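What follows is a short report on a single structure.
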Amino acid sequence: MHTLRQFFSTRSRLLTKEDYSNVFNHSEKKASNRYALLLALPHSGPHHSRLGLIVAKKNVRSAVDRNRVKRLVREHFRRHPQTQTKDTIFMARKGIADLSNSEIRYHLQQLWAKLDTVAAHP
RNA sequence: CGAGUUGGUUAGGCGAUCGCUGUCGAAUUAUCGGCAGAGGAAAGUCCGGGCUCCAGAGAUCAGAGUGCCAGGUAACGCCUGGGGGGCGAGAGCCUACGGAAAGUGCAACAGAGAGGAAACCGCCCGAUCUCGAUCGGGUAAGGGUGAAAAGGUGCGGUAAGAGCGCACCGCAUACUUGGUAACAAGUAUGGCGAUGGUAAACCCCACUCGGAGCAAGACCAAAUAGGAAUCCAUUAGCCGUGAUCUCCGGCGGAUUCGGGUAGGUUGCUACAGGCGGACGGUGACGUUCGUCGCAGAUGAAUGAUCGUCCACGACAGAACCCGGCUUAUCGACUGACUCAUCCU
RNA sequence: CGGUGUGUGGCGCAGCCUGGUAGCGCACUUCCUUCGGGAGGAAGGGGUCGGAGGUUCAAAUCCUCUCACACCGA
């Protein structure tokens, strides 16, 4: 199973406006801290688990930092397969650009763990 | 060797594992392999051009921009060379650097006076008398005000002074020489009561410019609503002017057509291209020969982890593409030149 | 990505075009009025005019660069 999910392509991304507003309006699970916010919508459709990224210019000023955050989140999503198929949105908050790569990785692990415990007890 | 000026190149390397985008080849329905994959500023959007659409014969006005001269360039507000001015001991650096005798305006406060001006304190002459004041006149050297006061310095001259005269400098005009030119040098004349400053004030002169931008533009095209044409139905009901009747129109169904939203495709990278050589030119650059193929994403790829070496890695991420400018930036390498000391 | 606009006391705005004094309202401080408060009246404090450079005798104002913020076009 792990080797099966070790890729990340366009099929595991949220693509259209509807995909995003769907998750926003019907999100069943949330996990957040002061650096980021996660929204998730479980489904049993034909898709894989999908990921959407929102890293606003207002919250992360530099383009280099925006790319860095998005790459780290994708890498985490790719390396840690979901226990349940669901669409997830990641929203960056203001202080995240000041963190180092290892710090961001630590926070991502915490957030996804929180999301899974909520999922276990709906 | 020290201090400094200036131009160019580069922007962590190597290995392993797991990934992303494009493309080629296998395979054929989700895999494998090869190759390629951010910058010198990709940034700011300050200029210029290509490209696309709109408007359009051409010209002028308006408006905007540029502004010493010559050249380069597709073009430029850029670059190169030269001239003037300023700074520096020098290499070198900086320079919006056309016109103020075409006209209009502006200059607070201070000061007597701010522009065809004027005399406050002064200086000098004369008159008067109470003998250091008043009045009349001459003058602009000195003082004072101001950012700026109508050539500067020296000598002569004079009642005191003044381009009043002379010398040098500055200015203006004319001519000669050198230079494509900007300009420079020289000679002569003027005798400076005229020609002050400000044009990043209006303005004048010369030159340049149509407008918008790839979210431009082109193509394909759901659902829903609405439009047009043709055909069917015109039975029943409802609406239309207060009521009734007749006529007419609308509300119905089917097919076709065109516009067009969501969404998709395209524009999308091979071109004023890079590298090397030769020739021409002081140089920017041009001509020519050879060679290379060098990102093309679209919620947006170029990364993560580990090991290792060192100088311990700055500023920072393409979004139609080029040429510049400006701003940010830890360093490393290298060419040329200047000054000072020492040695020969 | 492209195109516009705005930065002035604590807050909201004038002044900029046409260069010389930074002003208005609310708020703040003190005093008067009142038994006390509010309202009212009088006086006062507070501004590198977003930042840097240039033009000018002189810049909030003119010019250039730069930093924030806001708006418009799918």
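FYI, side chains are in, hydrogens and waters are out, and symmetry mates aren't considered; it's all heavy atoms of this structure. If you're wondering where the values come from, they're calculated on a predicted model, not measured in any experiment. Chain A is the first sequence line, chain B the second, and so forth, proteins listed ahead of strands; every chain is numbered from 1.
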| Paired stretches of RNA chain C - 3 or more consecutive Watson-Crick or G-U pairs, each distance under 3.5 Å | C:1-7 with C:67-73, C:10-13 with C:23-26, C:28-32 with C:40-44, C:50-54 with C:62-66
| query | Where does B:rC35 fall, syn or anti, if syn means a chi angle no more than 90° from 0? | reply | anti
| said: Can you tell me if A:Arg71 touches the phosphate of B:rU302, counting only side-chain N or O atoms and a distance under 4.0 Å to OP1 or OP2? | reply: yes
| message | Nearest whole Å is fine: how far is B:rG317 P from A:Arg61 CZ? | response | 12 Å
| Salt-bridge criterion met for A:Arg79 and A:Glu75 (N-O under 4.0 Å) | yes
| field | Any-strand Watson-Crick or G-U partner of B:rG280, both distances under 3.5 Å | value | B:rC285
| task | Rounded to whole angstrom, note down the C1' distance from B:rC164 over to B:rU139. | result | 13 Å
| said: Using Watson-Crick or G-U wobble geometry with both distances under 3.5 Å, which nucleotide pairs with B:rU234? | reply: none
| message | If you only use heavy atoms from C-beta on, which nucleotide in B:rG317, C:rC1, C:rC69 is closest to the side chain of A:Lys57? | response | C:rC1
| request: For B:rG178 and B:rG82, measure between their C1' atoms and round to the nearest Å. | output: 15 Å
| query | Atom CG of A:Asn67 to atom P of B:rU302: distance rounded to whole Å? | reply | 7 Å
| Of the options A:Val69, A:Val55, A:Leu72, A:Asp65, which is the one that meets A:Ile96 in a side chain to side chain contact (heavy atoms under 4.5 Å, CB included)? | A:Val69
| said: ring pair (Phe, Tyr, Trp, His ring centres under 6.0 Å), that's the test. Do A:His80 and A:Trp112 meet it? Break it down for me. | reply: CA-CA 9 Å; A:His80 302 273; A:Trp112 249 276; 8.5 Å; no
| message | Quick one, A:Ser32 and A:Arg93 - any side-chain contact, counting heavy atoms below 4.5 Å? | response | yes
| message | Could you identify the nucleotide paired to B:rG227, looking across every strand shown and requiring Watson-Crick or G-U wobble geometry with both distances under 3.5 Å? | response | B:rC257
| What does B:rA332 pair with, Watson-Crick or G-U, if both distances are under 3.5 Å? | B:rU9
| note | Pairing partner of B:rA340, by Watson-Crick or G-U wobble and under 3.5 Å for both distances, is none
| Counterpart base for B:rG307, defined by Watson-Crick or G-U wobble contacts under 3.5 Å | B:rC14
| said: Measuring only the C1' atom in each nucleotide, how far is B:rU176 from B:rG191? A whole number of Å is fine. | reply: 24 Å
| field | Integer-rounded Å distance: B:rG19 C1' and A:His76 NE2 | value | 15 Å
| Whole-Å C1' distance, B:rC321 and B:rA74 | 14 Å
| query | Could you give the CD1-to-P distance, from A:Ile104 to B:rG303, as a whole number of Å? | reply | 16 Å
| message | Distance check, C1' atoms only: B:rA30 and B:rA314, in whole angstrom units. | response | 45 Å
| query | Quick one: on RNA chain B, does A:Lys70 or A:Arg105 contact a more 5' nucleotide (nearest heavy atom)? | reply | A:Lys70
| Phosphate oxygens OP1/OP2 of B:rU305: is one of them under 4.0 Å from a side-chain N or O of A:Arg78? | no
| message | So A:His76 and A:Gln109, do their side chains get closer than 4.5 Å, heavy atoms only? | response | yes
| query | Using atom C1' of each nucleotide, how far apart are B:rG99 and B:rU66 to the nearest Å? | reply | 16 Å
| query | In the strands shown, is B:rA55 matched to any nucleotide by a Watson-Crick or G-U wobble pair with both distances under 3.5 Å, and which? | reply | none
| message | With heavy-atom distances below 4.5 Å as the criterion, would you say the side chains of A:His107 and A:Asn33 are in contact? | response | yes
| task | Specify the glycosidic conformation (syn or anti) of B:rG56, with syn defined as within 90° of 0. | result | anti
| field | Syn or anti for B:rA38 (syn when the glycosidic angle lies within 90° of 0) | value | syn
| Could you state the interatomic distance from CG (A:Leu111) to CG (A:Leu37), rounded to the nearest 0.5 Å? | 8.5 Å
| note | Taking for A:Arg68 and for A:Ser62 the nucleotide of RNA chain B with the nearest heavy atom, the one nearer the 5' end belongs to A:Arg68
| Which of these nucleotides, B:rG317, B:rA304, C:rA70, is closest to any side-chain atom of A:Lys58? | C:rA70
| request: Take the protein atom CZ of A:Arg66 and the nucleotide atom P of B:rA319, then report the distance between them rounded to whole Å. | output: 12 Å
| task | Would you check if A:Lys30 and A:Leu38 make a side-chain contact, meaning some heavy-atom pair closer than 4.5 Å? | result | no
| Separation of A:Glu75 atom CD from B:rG19 atom C1', in whole Å? | 6 Å
| query | Can you tell me the Watson-Crick or wobble partner of B:rC20, both distances under 3.5 angstrom? | reply | B:rG37
| field | B:rA301 OP1/OP2 closer than 4.0 Å to side-chain N/O of A:Arg74 | value | yes
| To the nearest angstrom, how far is A:Phe77 atom CZ from B:rG303 atom P? | 22 Å
| Donor-acceptor contact present, side-chain A:Arg66 to main-chain A:Arg61, <3.5 Å | yes
| In whole angstroms, how far is the P atom of B:rA304 from the CD atom of A:Glu103? | 16 Å
| task | Determine the Euclidean distance between corresponding P atoms of B:rU153 and B:rG163; express it in Å to zero decimal places. | result | 10 Å
| task | With P as the reference atom in both, quote the distance from C:rC1 to B:rA318 in angstrom, rounded to an integer. | result | 6 Å
| task | Flag the pair A:Lys29 / A:Pro42 as yes when at least one side-chain heavy-atom distance between them is below 4.5 Å, and no otherwise. | result | yes
| Syn/anti state for B:rG40 [syn: chi within 90° of 0] | syn
